[in-house]
Number of protein chains: 2
Amino acid sequence: MEPPASPRRVTIVDVARHAQVSTTAVSKVLRNAYGASPEMRAKVRRAIEELGYRPLAAARGLRGRTYTIGVMLPDIRNPFFPEILDGVTGCLADTDYQVLLGPGCNGEKEEARVTEAMIDRGMDGLVLVAPVSPRARLEHVASVVPTVVIGRHSHSPKYDSVADDDVAGAALVVGHLAALGHRRIAHIEHHETDPTRIAEMPNAQRADGYRQAMRDLGLHEGIDVVSTSYTQQGGYEGAKELLARRPRPTAIFAGADIVAMGVLEAVSEAGLSVPGDLSVAGYDNTTFAALGQISLTSVDQAGREIGRNAARLLLERIEDRGKTSVQVKLSPTLVARRTTARPAG
Amino acid sequence: MEPPASPRRVTIVDVARHAQVSTTAVSKVLRNAYGASPEMRAKVRRAIEELGYRPLAAARGLRGRTYTIGVMLPDIRNPFFPEILDGVTGCLADTDYQVLLGPGCNGEKEEARVTEAMIDRGMDGLVLVAPVSPRARLEHVASVVPTVVIGRHSHSPKYDSVADDDVAGAALVVGHLAALGHRRIAHIEHHETDPTRIAEMPNAQRADGYRQAMRDLGLHEGIDVVSTSYTQQGGYEGAKELLARRPRPTAIFAGADIVAMGVLEAVSEAGLSVPGDLSVAGYDNTTFAALGQISLTSVDQAGREIGRNAARLLLERIEDRGKTSVQVKLSPTLVARRTTARPAG
DNA sequence: CGGCCGATGGGTAACGTTTTCCATCGGTGG
DNA sequence: CCACCGATGGAAAACGTTACCCATCGGCCG
């Protein structure tokens, strides 16, 4: 009575038979390959339509491509990453490629597992967003499959990279606060331990950019950096420490929005008001920052633009694996909101 | 000088040769299949280790499984979904299965594209989180590949479903507000148009639960529902409308946290204070809600538990595609925070 | 008119696994 | 001692697609 559970998938053979041509011909049409006349293409396309044929990626992957791009995000929770993803998918929407994401992975081990899994699944290209793995690991991945790395300030000949200019971003914040009249501007950074990564990571760049901007503005004496981590907890602890200073800083530049959230919590707990007693700025311009209740001054990284560039570079590299690597550096912009104002007094 | 770009991947044949056995034997070991002695297993495993062999999922998929589970999330931005994802990956961590995510897809068309893509890629099972596609579509997917649906209150014989008891969740909120002394408790719902979906969608259930709870508590006259959408904008507009009522409601139950964010914005714009002039509650207990600056009373859906259940059911269904379908309904809990209090006067 | 060439179409061997057999072998019950 | 049996191992045929190469066929050039 019931139709059989799995009515066997339509294959390229079915299409070929239905269109009265060879499987080779169908394959050529599928790939827009050379060697098929317009009439043939039309005939085959009709047959594909009529039969509802869809090529099986696994089978394609065995010989050619899987038409799949893998994107590795370090943390799904970070509201900055969806922007990047939108840029990537947007750029790939008109192509035959399909984007698949790895599950959030924090830590080298998880990263390795996910990248391996993607390679095993024959992905045609990988986009690694803010990976924490050492550079050698990234280069190994890139030697196996076309790869674009987002958010690392590295210049590898093996892969392309796209990143924001974090030094400039930090300078924007410092400049903004200084223009408001702040002198004692403190910074909360993410503590980096691994020496092989230290120069490449955005957090290090932001801290460097902060120091440099302070010096450039003649605020050398106001430099004050606390090392915790890019988490809400890290922001809370960092702020606790900074609020105990005498004299107290009049502004805190948190290295990430989530850090700023922790700062705001500590500040409110201390009975101080923002921006009356203290200005606070974040980084990433996440959804949090834009919320009316928070309205956090932050740095916007143009995530969509980053994603778009990454996708474009990846497609180019898939077409020509030997091409010389490219580094794209984009300029962030400042979004001033209600957590920053002139210092009191 | 340089090693060749792609030093050919290690295949099962290499392993077989290295271990001096047949490829069949290696395959058996890989799949823990019957017909291999302990010594043989040890020998093969050693060879795998020494050669760093990893099976190619694409090739496996052609005959057997790809050991890949696809998870479709409707919107990466919604901070509730990562919880579910954690539950799924956690449950699958000890297995050979790898989770891959579809990119955020809002709308039926995108959903169809992503599910098709996953099927084409030979995924062994699918987890669909809060899909908006009509039921017939879901059943079609489920007939092709083992599927678990999260967040739809449907009872299909073709797929398992896991959902929260949204009626109970709404009752928790109403009960909480009523216990605080509120009588005029308004609700902002997501407007559902499609009649085939209406009973299944969580938003409809929440609205129903709200009405029912109000009646049960004798607050029939206080029932007031505004239909907008589950977005910040929807919350903003809905609140505008509700704040214009005379008498004004003393509490607003937003159908989702993101809606509550819009409500808070409108309330603050109107010069009213929360919870002094108005209590506000959300739903989903997202990261937003927990932020100290927001501290929104919300309903926690135990996302991790949902994900865990979904993964478990999916594994069972992969093992036995014919098994009768199961519906799991979990109980939400209320998280009272600082946006709800006794009404003034 | 013969040879060559570009355009078109197809035959067939991969690709790396799993699956379905079949063979062997030592032991065991009759 | 023979037939049978469970345990073990392997040969070979799938799986659905693409890549490589060859065949054919007009037309065109010399």
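Please read all numbers here as calculations on a predicted model, not as lab measurements. Lettering of chains follows the sequences in order, A, B, ..., and the numbering in each one begins at 1.
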Using a 4.0 Å heavy-atom cut-off across all strands, classify A33(B) as base, sugar-phosphate, or nothing. nothing
Specify the separation, in whole Å, of atom CZ of R121(B) and atom C1' of dG16(D). 15 Å
Would you say dT18(D) has OP1 or OP2 under 4.0 Å from some side-chain N or O of T23(A)? no
Residue whose nearest DNA chain D nucleotide is more 5′ - K28(A) or A59(B): A59(B)
To the nearest angstrom, how far is I12(A) atom CD1 from dT12(C) atom C1'? 14 Å
Measure CG/D124(A) against C1'/dT18(D) and give the value in whole Å, please. 13 Å
With a cut-off of less than 4.0 Å, is there a side-chain N or O of T11(A) near OP1 or OP2 of dG16(D)? no
Compute whether any side-chain donor of one residue and acceptor of the other, for T115(A) and R137(A), lie under 3.5 angstrom apart. yes
Quick one: which of dG16(C), dT19(C), dG9(D) gets closest to the side chain of R31(B)? dT19(C)
What nucleotide among dG10(C), dT18(C), dG16(D) has an atom nearest to a side-chain atom of R60(B)? dT18(C)
Derivation and outcome, side chain to side chain contact (heavy atoms under 4.5 Å, CB included), residues L128(B) and I150(B): CA-CA 6 Å; L128(B) 308 181; I150(B) 289 181; over 6 Å; no
From the candidates dT17(D), dC15(D), dG10(D), the one with an atom nearest any side-chain atom of L62(B) is dC15(D)
Would you kindly say whether R31(B) and S27(B) are connected by a side-chain donor-acceptor distance under 3.5 Å? yes
Between P of dG16(C) and CZ of R65(B), the distance in whole Å: 23 Å
Nucleotide dT8(D), atom P - distance to CD of E39(B) in whole Å: 8 Å
Residues E49(A) and R45(A) bridged, charged N to O under 4.0 Å: no
Could a donor-acceptor pair under 3.5 angstrom be found where the side chain of T24(A) meets the base of dG11(C)? yes
Going by distance alone, is a donor N or O of one side chain under 3.5 Å from an acceptor N or O of the other, for E200(A) and H153(A)? no
Just how far, in rounded Å, is P of dG10(D) from CE of M40(B)? 5 Å
Taking the basic N atoms (NZ, or NE/NH1/NH2) and the acidic carboxylate oxygens, is any pair closer than 4.0 Å for D164(B) and K329(B)? no
Scan V21(A) against the nucleic acid and name what it touches under 4.0 Å (heavy atoms): base, sugar-phosphate only, or nothing. sugar-phosphate
Of the candidate nucleotides dT18(C), dA7(C), dT18(D), which contains the atom at the shortest distance from the side chain of Y34(A)? dA7(C)
Just how far, in rounded Å, is C1' of dT18(D) from OH of Y53(A)? 11 Å
For the pair made of OH in Y67(A) and P in dT18(D), what is the distance, rounded to whole Å? 7 Å
Sugar-phosphate, base or nothing in reach of S27(B), heavy atoms under 4.0 Å: base
Let me spell it out: for each of A25(A) and G64(B), pick the nucleotide of DNA chain C with the closest heavy atom. Which residue's pick is nearer the 5' end? A25(A)
Just checking A58(A): base, sugar-phosphate only, or nothing, at a heavy-atom cut-off of under 4.0 Å? nothing
Counting only side-chain heavy atoms from C-beta out, which of dG9(D), dT17(D), dG16(C) sits nearest to R63(A)? dT17(D)
